[in-house]
Asker: 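First the structure, which I've put down as C-alpha cells, then a few questions once you've had a look.
Order of the sequence lines fixes the chain letters, A, B, ..., with proteins taken first and strands second; residue numbering starts at 1 for each chain. Note that this is a predicted model, so its numbers are computed, not measured.
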Number of protein chains: 2
Amino acid sequence: MTAQPERKAQLIDATIQELGATGSLSVTVGQIARRAGVSSALAFHYFGDKDRLFLAAMRHILAVYGAEVRAALKEADSPRARLDGTIRASFSETSFRHDVIAAWLNFYVLAHRSDEARRLLGVYHRRLHANLVHDLRPLAGPRAPEIARRLAALIDGLYLRFVHFPRDEAEDSASAHVLAALDAELKALP
Amino acid sequence: MTAQPERKAQLIDATIQELGATGSLSVTVGQIARRAGVSSALAFHYFGDKDRLFLAAMRHILAVYGAEVRAALKEADSPRARLDGTIRASFSETSFRHDVIAAWLNFYVLAHRSDEARRLLGVYHRRLHANLVHDLRPLAGPRAPEIARRLAALIDGLYLRFVHFPRDEAEDSASAHVLAALDAELKALP
DNA sequence: GCACTGTTTGACTGGTCAATCAATAAATCT
DNA sequence: AGATTTATTGATTGACCAGTCAAACAGTGC
C-alpha cells in the first residue's frame, strides 16, 4: 500500500541521527533528508514544517521509552522491583544512546519556543514522577514525592553528563548511580 | 581610557538576556546588539565571531559562579558547612536565574561543536567535583567520589527542570533537594 | 489504454544572517 | 595642531535555508 509510514520512519530516524551528529537544532531539513536518502521536499510533504518533524522524532523517542518502561514494569512484582525497572529502562540500550541523548537535549531547547514540545515534556515529567511515586509510596510513605523528584532530576542530570562524555569510565553505570541514590534515600528514612 | 570593557560587558549581558528570552543558540548577533544598544558590527569587532561571543558570555557566567562559590567557602569552617556553601552557591540569586539557566542549557548544546566550549564545560565539571570530593572525604571516606558524582548530576538535573518550570511551586527550593540528598547519602553510609 | 491517486523530486523564491568593509567620529598622543 | 589609534556604524555581500510548486513518476482500478 502506501509508502508513507516507511518514509516517515526513515525521516524520523535520520532526524535523530543528524541531531546526534551535529548536536544542534540548526540542522537543516536538507541534511536530514539527505541522510534519509530522499529529497528535502519530501520531508516537508510529510511533516509540514521543520518543527513538526522534530516533534515527530521526539514523540517517537518518548514512545520507545514508554514501551520500554511498560515492559520492565510488567515483569516486576514488588514495588522495589518496579522501581528498578523504571530506572533501568531510562538507561536502556535504546534510550541511553548518544544520538538519542542529543535529541533530548535539543528537545529541551525546542520546548522554549514550541508549546507542543513543552506539553510533551510535561507529559514525560509527569509520567516518570507518577511511576516513581506510585512505587515509592509503600517504601517511603509521605516522603515519596520528594524523593521521586530527586531521582527524576538525577536521571536527567546523568543524561546531561553523558551527552559529551560517553559511557566509558568503567564503573560509571548510570543506572547504578540512581539505584544507589534510591538505596541511600530509603535507608536514611526516619 | 578605552570603552572596550564597558561595551564588552554590555554585549555579554545582552547575550545572556537574549539567550534567556529566545532560548536558543539561533539568536542573531543583530538581536543581541540591538538589546545592547549598539550595531551588530561592533559585536563582531569586539568578539570576532558569534561563537566567541557566546563563549565570552559563558566564561562570565562561570566566573560569577566561581566567585560565589569561593565566597561561600571562605566563611565555612567544617566540611559539612563547606558542602552547604558549595551547594547553595549553585542555586544563588545570581546563578539560578531564568536567563542564566537558559544560557547553561545552550552551553551544553554549543559544546557539541565547539572544542573551547567543551573544554570550559570540563573545567566546571572538574571544579565542582573536586570541591565536593574534598569536603566529602572526611565524611564519606572512599565513597566520596561516587557520592560527589551523584550530587553534581543532581544539581545539573535540577537546573534542567527549572529552565521551563520556574521556581514557584513553593516548597521546591532546589538547594534543599540537594542538601536532603546529601543527608540521605551520609546517613546511609555503612 | 486511460483516468486517478499517492509519491517524489528539481528548481525556485523570499528572506535571513554572519561576516566584511569603507567611512566617520571621537579620543589619545606628541 | 596634526597624527595616530580606537570606537562605531550603515551598507553590502555571499551563503544558506525553510518552504512552495509544478511537473514527473509509479501503481491501481476499470
Asker: Report the residues that fulfil salt bridge (charged side-chain N to carboxylate O under 4.0 Å, His left out) with A:Arg137, sequence neighbours left out, ordered by chain and then residue number.
Answerer: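 None.
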
Asker: Can you list, by chain and residue number, the hydrophobic cluster partners of B:Val133 when the side-chain cut-off is 4.5 Å?
Answerer: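 Its cluster mates, by chain and number: none.
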
Asker: Could you check A:Glu146 against A:Arg150 for salt bridge (charged side-chain N to carboxylate O under 4.0 Å, His left out), going step by step and ending with a plain yes or no?
Answerer: CA-CA 7 Å; A:Glu146 179 201 340; A:Arg150 287 197 279 280; 3.0 Å; yes

Asker: With sequence neighbours excluded, tell me which residues meet salt bridge (charged side-chain N to carboxylate O under 4.0 Å, His left out) with A:Asp13.
Answerer: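 With sequence neighbours excluded, A:Asp13 shows a salt bridge (charged side-chain N to carboxylate O under 4.0 Å, His left out) to no residue whatsoever.
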
Asker: Taking five pairs at each end, how big is the angle between the two axes of the helix from C:dG1-D:dC30 to C:dT30-D:dA1, to 10°?
Answerer: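 Taking five pairs per end, the axes differ by 10°.
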
Asker: For A:Ile32 and D:dC17, what is the distance between atoms CD1 and P respectively, to the nearest whole Å?
Answerer: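 Atom CD1 in A:Ile32 sits about 11 Å away from atom P in D:dC17.
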
Asker: Quick one: list whatever passes salt bridge (charged side-chain N to carboxylate O under 4.0 Å, His left out) with A:Arg59, sequence neighbours left out.
Answerer: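 Counting only residues at least two positions away or on another chain, A:Arg59 forms a salt bridge (charged side-chain N to carboxylate O under 4.0 Å, His left out) with A:Glu116.
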
Asker: How many whole angstroms separate atom CZ of B:Arg7 from atom P of C:dA27?
Answerer: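 Interatomic distance, CZ of B:Arg7 to P of C:dA27: 12 Å.
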
Asker: Which residues end up grouped with B:Val123 if you chain together Ile, Leu, Val, Met, Phe, Trp and Tyr wherever their side-chain heavy atoms are less than 4.5 Å apart?
Answerer: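 Via sub-4.5 Å side-chain contacts, B:Val123 links to none.
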
Asker: Centres of the B:Tyr159 and B:Phe91 rings: under 6.0 Å?
Answerer: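 Yes, close enough.
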
Asker: Can you give one letter per nucleotide of nucleotides 17-22 of chain C, 5' to 3': B if a protein heavy atom sits under 4.0 Å from the base, S if only from the sugar-phosphate, - if neither?
Answerer: SSBBB-

Asker: How many whole angstroms separate atom CG of A:Leu42 from atom C1' of D:dG19?
Answerer: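 To the nearest whole Å, that distance equals 14 Å.
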
Asker: Distance check needed: D:dA18 P versus A:Arg34 CZ, whole Å only.
Answerer: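 In whole Å, D:dA18 P lies 11 Å from A:Arg34 CZ.
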
Asker: Side-chain donor-acceptor pairs under 3.5 Å in residues 75-83 of chain B, sequence neighbours left out?
Answerer:
residue, atom, partner, partner atom, Å
B:Ser78, OG, B:Ala81, N, 2.9
B:Arg80, NE, B:Asp84, OD1, 3.1
B:Arg80, NH1, B:Asp183, OD1, 2.6
B:Arg80, NH2, B:Asp84, OD1, 3.3
B:Arg80, NH2, B:Asp183, OD1, 3.3
B:Arg82, NE, B:Asp135, OD1, 2.7
B:Arg82, NE, B:Asp135, OD2, 3.2

Asker: Got a sec? Which of residues 105-119 of chain A come in under 4.0 Å of DNA chain C, heavy atoms?
Answerer: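 Per residue number, the list is empty: none.
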
Asker: Without decimals, in angstroms, what is the distance between A:Tyr46 OH and D:dG19 P?
Answerer: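 Checked: the OH to P distance equals 18 Å.
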
Asker: Test of understanding: with side-chain contact (heavy atoms from CB on, under 4.5 Å), list the residues that count as partners of B:Ser39, not counting sequence neighbours.
Answerer: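 So B:Ser39 forms a side-chain contact (heavy atoms from CB on, under 4.5 Å) with B:Ala41, B:Leu42.
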
Asker: Residues two or more places apart in sequence or in another chain: which of them pass salt bridge (charged side-chain N to carboxylate O under 4.0 Å, His left out) with B:Arg52?
Answerer: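 Result, salt bridge (charged side-chain N to carboxylate O under 4.0 Å, His left out) vs B:Arg52: B:Asp49.
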
Asker: Got a sec, which hydrophobics cluster with A:Val29, joining ILVMFWY side chains under 4.5 Å apart, including via others?
Answerer: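 Taking Ile, Leu, Val, Met, Phe, Trp and Tyr as members, A:Val29 shares its hydrophobic cluster with A:Phe44.
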
